[in-house]
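Data first, discussion second: the structure below is written as structure tokens.
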Amino acid sequence: MFQLRTDEEVELLRQSNLLVSATLAAVASLMKPGVSTMEIDQRAEGFIRDHGGVPGFKGYQGYPATLCVSINDEVVHGIPSRRVLKDGDIVSVDCGVLMNGFHGDSAFTFTIGVVKPEVLKLIRVTKECLKLGISQAVTGKRIGDIGHAIQKHAEINGFSVVREMVGHGVGRHLHEPPEVPNYGKPGTGEVLQKGLTIAIEPMINLGKRHIHQDQDGWTIRTADRKPSAHFEHSIVVKDQIADVLSDFNIIEEAVSKV
Ligand code: MF3
Ligand code: CO
């Protein structure tokens with residue numbers, strides 16, 4: 001039903017995704033007060049090109065930058081600008097790489113200085129949601145099982161799930177079928193098959209789930225202006241356990257040294 005990847009294609013997707021992760025690790029040292037989101041974007045673009053890739057988002061439906069940098073109440077698709085990071089911010093950095101014909105796509109939410117405990121909990125729970133979603137991405141399960149696992153964990157913790165923006169298939173195109181919602185009912189939706197490559201990307205809000213789009217045509221923001229967190233991995237569906245193509249470990253290592 002959906003395109004399934006050969007082992008060779010999966011290895012190319014892994015290379016693109018590992019370059020995305022290395023790029024996010026490379027910008028970790030810039031995640032501090034006073035740095036502009038444009039500087040972060042420029043560093044990321046240079047790093048990607050130095051390593052043989054091209055930015056995967058730049059030019060996509062007219063998107064102007066390498067990264068999406070979304071601060072606090074910005075959910076996703078924040079455009080890099082002269083805005084500078086400040087103490088207490090949380091920052092989703094979403095990065096794409098195109099290399100050898102395949103796209104990598106992954107996102108990580110960073111903290112700047114001292115962040116409120118309830119917002120730290122939002123980040124922790126969102127990362128746990130991603131992990132729980134990934135644990136459902138095995139042969140025979142369905143798209144709705146992924147979304148249900150994410151939604152349940154977010155909501156028992158008192159948070160809410162953005163509905164309008166979803167995960168997606170990833171491969172020769174940045175966005176391929178199927179859509180991968182972060183909410184759903186168990187046992188519903190398309191059946192997952194070995195070799196399906198998808199990006200799972202929970203966007204979890206501290207307050208209500210509703211969002212607005214800014215006048216810039218890109219930035220998605222919570223309607224109640226409360227913070228939102230976002231993590232994304234690209235993965236391959238396998239029989240027993242999903243194969244995660246992007247890598248948070250190198251980002252977390254870099255963060256611990258900042
Ligand atoms: N990870 C994001 C997404 O899948 C990145 C897209 S940004 C865009 O929606 F500019 F390329 F659209
Ligand atoms: Co994505």
Side-chain angles (χ1 to χ4, degrees), residues 2-3 5 13-14 16-21 23-24 27 37-38 40-42 44-45 48 53-71 74-81 91-99 102-110 126-127 129-130 133-134 137 143 146-147 150 161-183 196-205 211-222 228-237 242 244-248 251:
F2 303 115
Q3 198 143 27
R5 305 290 163 192
L13 268 159
R14 193 187 312 280
S16 299
N17 276 287
L18 289 179
L19 181 50
V20 168
S21 303
T23 304
L24 292 173
V27 301
T37 58
M38 220 155 71
I40 299 164
D41 190 75
Q42 284 164 4
E45 178 165 4
I48 290 167
V54 298
F57 300 166
K58 212 170 196 176
Y60 180 85
Q61 293 183 359
Y63 189 73
T66 294
L67 302 177
C68 300
V69 184
S70 309
I71 303 172
E74 297 171 357
V75 179
V76 287
H77 299 175
I79 301 173
S81 71
V91 187
S92 154
V93 182
D94 193 344
C95 181
V97 160
L98 175 61
M99 193 167 63
F102 287 92
H103 283 270
D105 186 10
S106 178
F108 190 90
T109 297
F110 296 86
T126 305
K127 205 194 280 182
C129 283
L130 174 56
I134 291 171
I143 289 285
I146 297 174
I150 292 169
V161 175
V162 172
R163 301 293 202 278
E164 296 86 349
M165 321 290 297
V166 296
H168 50 91
V170 61
R172 291 193 177 276
H173 302 277
L174 175 61
H175 292 155
E176 298 183 355
E179 289 195 347
V180 184
N182 298 300
Y183 58 93
L196 178 69
T197 53
I198 53 176
I200 304 177
E201 50 179 317
M203 287 147 266
I204 307 297
N205 295 352
I211 56 168
H212 286 153
Q213 189 176 56
D214 280 8
Q215 296 288 353
D216 65 14
W218 282 102
T219 311
I220 303 294
R221 191 184 296 279
T222 58
S228 182
H230 176 221
F231 287 88
E232 176 176 24
H233 268 315
S234 292
I235 66 109
V236 191
V237 173
V244 182
L245 299 173
S246 35
D247 177 19
F248 287 166
I251 304 169

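Start at 1 and go down the list; that is how both ligands and their atoms are numbered.
We find that Glu201 and Lys127 are not joined by a salt bridge, their nearest charged nitrogen and carboxylate oxygen being 4.0 Å or further apart.
Side-chain contact check for Glu45 versus Lys58: some heavy-atom pair is nearer than 4.5 Å. Glu74 has its side chain out of reach of Ile220: every pair of non-hydrogen atoms, C-beta onward, lies at least 4.5 Å apart. At least one side-chain heavy atom of Leu18 sits less than 4.5 Å from a side-chain heavy atom of Asp247. The side-chain heavy atoms of Ile198 and Val170, taken from C-beta on, include no pair separated by under 4.5 Å.
Rounded to the nearest 0.5 Å, atoms NE2 (His77) and CG (Leu67) are 12.5 Å apart.
Here Tyr60 and His175 bring their ring centres to under 6.0 angstrom of each other.
Counting non-hydrogen atoms of other residues, nucleotides and ligands closer than 6.0 Å to CD of Glu179 gives a total of 12 or fewer.
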Note to self: Apply ring-ring contact (aromatic ring centres under 6.0 Å, His included) to residues His233 and Phe248 and explain how you reach the verdict.
What the structure shows: CA-CA 9 Å; His233 268 315; Phe248 287 166; 3.8 Å; yes

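Of all protein atoms, those that are N, O or S and lie under 2.8 Å from the Co ion (ligand 2) total 4.
Protein residues having a heavy atom under 4.0 Å from any atom of ligand 1 are Phe57, Tyr60, Tyr63, Cys68, His77, Asp94, Asp105, His168, Leu174, His175, Glu201, Trp218, Glu232, listed by chain and number.
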